[in-house]
Student: 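Below are the structure tokens for one structure; questions will follow.
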Amino acid sequence: MRYAHEVGKVRAAEGALMARLPDGALMQRAAAGLAAVCARLLPAVYGARVVLLVGGGDNGGDALYAGARLARRGARVRAVQAGSKIHEGGLAALRTAGGRLVEAPDAEAAIAAADLIVDGLTGIGGTGGLRDPHARYAALASGSPGLVVACDVPSGVDASTGRVDGAAVQADVTVTFGTYKPGLLIDPGASYCGVVELVDIGLGPDLPDPDVVAARPADVQPPEPGPESDKYRRGVVGIIAGGDAFTGAAVLSTGGAVHGGAGMVRFASVAHPVELVRQRWPEAVTTVLPPGPHEPKVLERVGRVQAWVVGPGLGTGDAAESLVEAALTTDLPVLVDADGLTVLARRRDLLRRAAPTVLTPHAGELSRLVDAGRDDIEAARLDHVRRAAAELSATVLLKGSTTLVAEADRPVRVNPTGTPRLATAGTGDVLSGLIGALLAGGMPALDAAAAGAYLHGLAARLASAPVPGPESPISAYDVITALPDAFRVSQGGAPLEPP
């Protein structure tokens, strides 16, 4: 896992470590790591034109000391001061090494001519939008032809949340110290970071439990069948989806479960989507439900399952509500998606249950569940997914440019896979069936949702770029067919060669 800590916890750990170290030692550790990454990025350090954008805090000091190290190796290092203050020790070290301070009128030309620009404007303490001259320097750096390396976090990105209010530095590489910060992993902030390099400065023993975690491939452990497995031991997932108006959701969610490792898929709906599922997925066991509202025990007709998926394409009327209610009154794990979430927005009482519940909204659906504006949710995704998990007493998977999975009092899971190509109709239905299969296989709700998001995003990447090169458009069905490769790759295997 990659572990991320919010700013307050990082500051406390830094304070505890600095109390045990000689004065200035921690800054020197950070500067050494930053300089090493910068040197690695340059074709040659000697003669390279390096510009430091320097704010008044410790972040500026890190940049200045790193610049001094590069200057001692022959780089032509220039510092641009933003604001009235500068780290005096760092500036003295830079000047001693041969670097110099650039006057404000010459800053634009220096930035434009730089081979590498180090962003040391604000650091992890920065909140809110950048103001001039910081905003102007951020824009100049972001538009320059040189490589941009952010020190700890791109200036203008809230390190704890990923929120960006106005101008921010667009980095090619971000060198972060001690631990990842949530804003480096969560959009919109993550989109400003480029490649993130973690430098160990010794904070580990002083850091508490993380606030956010992001999986590496080895952390994704879907259920594996053993020698004694049969279809029932592998997990039977029940899917209630589709209707006369939206039949595709039925086929796609069932396909996500079939290719997601379920031992058996039981599908129930009205006659037309059932017939389509039979045609496309003959391995699914189907049940035709009559139209109209249903009695509470209607699902007993479907057969025994270990988890339910309810909602994709189901509609939002009385019949759909009765099916959502029937699933949520069982003592089994239930995933609710799409139309099922719309039903829950008016029937939140159905969430008062002891068994695990997984909700998979996008920002618009979550806005109806927790009475918040969609734009507000998109701007502060971490805050809202935490709030939703606590308020709804559920595992909440918030879809979007960064998919987040939250449970109350647990670190939020950030999904590192995926592609903008997933923004196409039906991919969410595939995800629902996939997570349902993992739930039926015995995974805890948080793990199932996080693993499902990871495998779903990886499948989309493999489908859109089966060989190295630009991504191509994909459909939801392409994601289904790429799921076996995603399982294989996540466990260290190679994808099958395309025909």
Side-chain angles (χ1 to χ4, degrees), residues 236-257 264-281 284-353 355-362 364-369 392 394 425-426 428-433 435-437 439-440 476:
V236 181
V237 59
I239 297 179
I240 310 166
D244 290 325
F246 300 103
T247 55
V251 175
L252 294 169
S253 56
T254 302
M264 180 190 291
V265 180
R266 295 187 186 273
F267 177 81
S269 189
V270 293
H272 187 39
V274 165
E275 182 56 32
L276 294 175
V277 168
R278 282 176 180 161
Q279 292 173 10
R280 185 61 198 85
W281 305 111
V285 178
T286 59
T287 301
V288 175
L289 301 177
H294 301 276
E295 59 176 334
K297 295 186 178 182
V298 62
L299 299 186
E300 292 180 2
R301 299 176 53 190
V302 178
R304 185 176 178 182
V305 305
Q306 276 91 19
W308 288 104
V309 173
V310 60
L314 195 63
T316 59
D318 292 343
E321 182 175 324
S322 66
L323 290 170
V324 173
E325 183 172 6
L328 287 170
T329 51
T330 68
D331 58 359
L332 297 172
V334 178
L335 181 146
V336 186
D337 185 34
D339 288 340
L341 297 171
T342 300
V343 170
L344 284 181
R346 64 176 185 262
R347 289 292 311 276
R348 280 182 43 170
D349 59 293
L350 297 177
L351 291 170
R352 291 196 290 269
R353 59 195 305 265
T357 308
V358 179
L359 310 179
T360 56
H362 54 61
E365 291 163 337
L366 187 63
S367 71
R368 296 191 289 273
L369 284 167
L392 302 174
D429 304 323
V430 177
L431 177 63
S432 295
I435 296 174
L439 288 169

Student: Taking the side chain as C-beta and beyond, is there a heavy-atom pair between R368 and L341 under 4.5 Å?
Tutor: no
Student: Might you work through the side chain to side chain contact (heavy atoms under 4.5 Å, CB included) test for D337 and V309, ending with a clear yes or no?
Tutor: CA-CA 8 Å; D337 185 34; V309 173; 5.7 Å; no
Student: List the residues meeting salt bridge (charged side-chain N to carboxylate O under 4.0 Å, His left out) with E321, not counting sequence neighbours, and say none if there are none.
Tutor: R346, R347
Student: Sequence neighbours left out, what passes side chain to side chain donor-acceptor pair (under 3.5 Å) with E300? Give chain and number order.
Tutor: none
Student: Under a 3.5 Å distance rule, please check whether S432 uses its side chain to pair with a backbone N or O of G428 as donor and acceptor.
Tutor: yes
Student: Is the side chain of T316 donor-acceptor paired with the backbone N or O of V343 at a distance under 3.5 Å, no angle test?
Tutor: no
Student: How many angstroms lie between CZ in F267 and OG1 in T254, if you round to the nearest 0.5 Å?
Tutor: 5.0 Å
Student: Walk me through whether V288 and E275 qualify under side chain to side chain contact (heavy atoms under 4.5 Å, CB included).
Tutor: CA-CA 9 Å; V288 175; E275 182 56 32; over 6 Å; no
Student: Test M264 against V285 for side chain to side chain contact (heavy atoms under 4.5 Å, CB included), laying out the working first.
Tutor: CA-CA 8 Å; M264 180 190 291; V285 178; 4.0 Å; yes
Student: Are the side chains of T247 and H272 in touch, meaning some heavy atoms are under 4.5 Å apart?
Tutor: yes
Student: Atom CG of L369 and atom CG of L351: how far apart are they, to the nearest 0.5 Å?
Tutor: 7.5 Å
Student: Any chance you could measure L314, atom CG, to T342, atom OG1, to the nearest 0.5 Å?
Tutor: 10.5 Å
Student: Output the distance between atom CG (L335) and atom CH2 (W308), rounded to the nearest 0.5 Å.
Tutor: 13.5 Å
Student: Let's go through T286 and R278 carefully: what are the C-alpha distance in whole Å and the side-chain angles of both, what is the deciding distance for side-chain hydrogen bond (donor to acceptor under 3.5 Å, both in side chains) to 0.1 Å, and is it a yes or a no?
Tutor: CA-CA 7 Å; T286 59; R278 282 176 180 161; 2.8 Å; yes
Student: Can a donor-acceptor pair be found, under 3.5 Å and without considering hydrogens, that links the side chain of E365 to the backbone of H362?
Tutor: yes
Student: Tell me if a side-chain donor or acceptor on S322 pairs with a main-chain N or O of P293 at a distance below 3.5 Å.
Tutor: no
Student: As a quick check of understanding, evaluate side chain to side chain contact (heavy atoms under 4.5 Å, CB included) for T287 and R266, giving each step before the final call.
Tutor: CA-CA 8 Å; T287 301; R266 295 187 186 273; over 6 Å; no
Student: How far does CG of L289 sit from CD1 of I240, to the nearest 0.5 angstrom?
Tutor: 7.5 Å
Student: Distance check, rounded to the nearest 0.5 Å: L392 atom CG versus L350 atom CG?
Tutor: 12.0 Å
